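All residue numbers in this chain count up from 1 along the given sequence. All values derive from a computational prediction rather than experimental measurement.
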Amino acid sequence: MRLSRLFFFLPLILLIIGYFHPITAYNQDLGRHLLTGKIIFQSFSIPTTNLYSYTYPGFSFINHHWGSEVIFYLVKAASGDLGLFLLSLLLIGTACTMIFLYSAKKAAAIPLAFISILYLRILFERTDLRPELLSFLFLSLMITILYRYHDSVSKLIFLLIPLQLLWVNIHIYFPIGILVVLLFVIDEVISKRKDLRNNHTKILLFVFLAMGGVTLLNPHFLEGATYPLKVFQNYGYAIEENQTPFFLQSLGFSKPTFFYLEISVVLLFISLSLTWKKTRLVDWLLSIVFTVIAISAVRNFPLFVFATFIPAGLAFSRVMHPLSKWIE
């Protein structure tokens, strides 16, 4: 077996190690998600008030993650903590594998493994079972499908519509799906501005508009579709995951994840700059937009990982091509 083949398995081993731990988040959000999922499944109705507030039990509440709560409850009821543990590994493993396999077709194994290990260290900030794991899976699927469509026309692009329908009923990160497609639309319009009537562009525009339409198909219709824009208007109190890394560092918080994000961002843009003639506009759009999103809140770090992995992996592979070719 060649040395480069060995590097293919390193990210997988590290991923399993990072997420291989017991389900212990019951006293955080998981316990609430499981109980709410049970209530929804047994009553066939979604609560519209905060059931867990002692001081304000009638507080109006839009449950943007009701679908994931039902999934968690059903898995827990069927197979207990083992099922939840396997579900966590399945979700994060599939999300990482999708973008890795696409990149592996175009990038050398060694530099891609290096980027993978660096990016995985960012993911390890949040390894508990949360509804956001489903968002990471959806983002990874959409990014991969969109890059494949960018390469050549593929009917897989139409899968983005049902994926968005699921996403809006599973987790509050659902606007990210529309944002990602918008960035590819911008790339398409600019790169093919002399021929915007081609089928490739028309199909992508149709999918983008259809995704916006199905976003309304949630229990709260327009209010639910626009809820992410208003979620912080009456959040109640500040929590660590919603703060910027700069603010937390100013308070004395020191986490390894901050360092790995900083290194990843620097490496990403250096690699893109050194290979800019071979990059595409969407590579830069994804890198810039999701870097801004990541530094806006700690909870958004994983979004940076899944949105920029492909441009980072391909660009760094081009930079390291002479060395990786010599090693292989």
About how many Å separate [atom2] of [Y] and [atom1] of [X], when rounded to the nearest 0.5 Å?
X	Y	atom1	atom2	value
T127	I17	OG1	CD1	13.0 Å
I295	F304	CD1	CZ	10.5 Å
L123	Y19	CG	OH	4.5 Å
K105	S103	NZ	OG	10.5 Å
I13	I117	CD1	CD1	9.5 Å
L248	T257	CG	OG1	11.0 Å

Would you call the rings of [X] and [Y] parallel, tilted or perpendicular, taking 30° and 60° as the class edges?
X	Y	value
F100	F309	tilted
W284	F269	tilted
H64	H171	perpendicular

Is there a side-chain contact between [X] and [Y], using heavy atoms and a 4.5 Å cut-off?
X	Y	answer
I115	Y119	yes
D283	Y147	yes
E223	I62	yes
I170	F138	yes
Y260	L120	no
L285	I186	yes
L91	L134	yes
F85	P22	no

Grouping I, L, V, M, F, W and Y whenever their side-chain heavy atoms are under 4.5 Å apart, do [X] and [Y] come out in a common cluster?
X	Y	answer
V70	L90	no
Y26	L51	no
W66	I71	no
L216	L160	no
L159	I161	yes

Backbone of [Y] reached by a side-chain donor or acceptor of [X] within 3.5 Å:
X	Y	value
N198	T201	yes
T215	M211	yes
N169	L165	yes
T244	F247	yes
S88	L84	no
S140	C96	no
Y173	P131	no
H150	E188	no
Q243	V298	no
S296	I293	yes

Verdict with supporting geometry, S79 and V75, side chain to side chain contact (heavy atoms under 4.5 Å, CB included): CA-CA 6 Å; S79 51; V75 171; 4.0 Å; yes
Audit row: F306, I143, side chain to side chain contact (heavy atoms under 4.5 Å, CB included) steps and yes/no: CA-CA 8 Å; F306 292 104; I143 287 286; 5.9 Å; no
Verify the neighbour count for atom [atom1] of [X]: are there more than 12 heavy atoms of other residues, nucleotides or ligands below 6.0 Å?
X	atom1	result
F61	CZ	yes
K192	NZ	yes
K155	NZ	no
Y52	OH	yes
R32	CZ	yes

Verify whether one side chain among N63 and Y227 offers a donor that lies under 3.5 Å from an acceptor in the other.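 There is no such pair (donor and acceptor under 3.5 Å, judged by atom type) between the side chains of N63 and Y227.
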My understanding is that only one of E241, E262, E125 makes a salt bridge (Lys or Arg N to Asp or Glu O under 4.0 Å) with K255; could you say which?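 Looking at E241, E262, E125, the match for K255 under the salt bridge (Lys or Arg N to Asp or Glu O under 4.0 Å) is E125.
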Please name the pair of heavy atoms, one in [X] and one in [Y], separated by the smallest distance, quoted to 0.1 Å.
X	Y	value
S287	T308	CA-CG2, 3.8 Å
P228	A225	CD-O, 3.8 Å
F158	V207	CD2-CG2, 4.1 Å
P311	L272	O-CD2, 4.2 Å
Y149	S154	CD1-N, 3.5 Å
P219	I46	CG-CD1, 3.4 Å

Any chance you could lay out the side chain to side chain contact (heavy atoms under 4.5 Å, CB included) test for W167 and L139, step after step, and finish with the verdict? CA-CA 10 Å; W167 202 345; L139 176 56; 4.0 Å; yes
Do D151 and R280 sit within salt-bridge range, that is, some charged N less than 4.0 Å from a carboxylate O?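 Salt bridge: yes.
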H33 and side-chain contact (heavy atoms from CB on, under 4.5 Å): which single residue from E69, R130, K76 fits?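 That would be E69; it is the only one of E69, R130, K76 passing the side-chain contact (heavy atoms from CB on, under 4.5 Å) with H33.
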Does the side chain to side chain contact (heavy atoms under 4.5 Å, CB included) test come out yes or no for D128 and L30, once each step is laid out? CA-CA 9 Å; D128 288 325; L30 183 57; over 6 Å; no
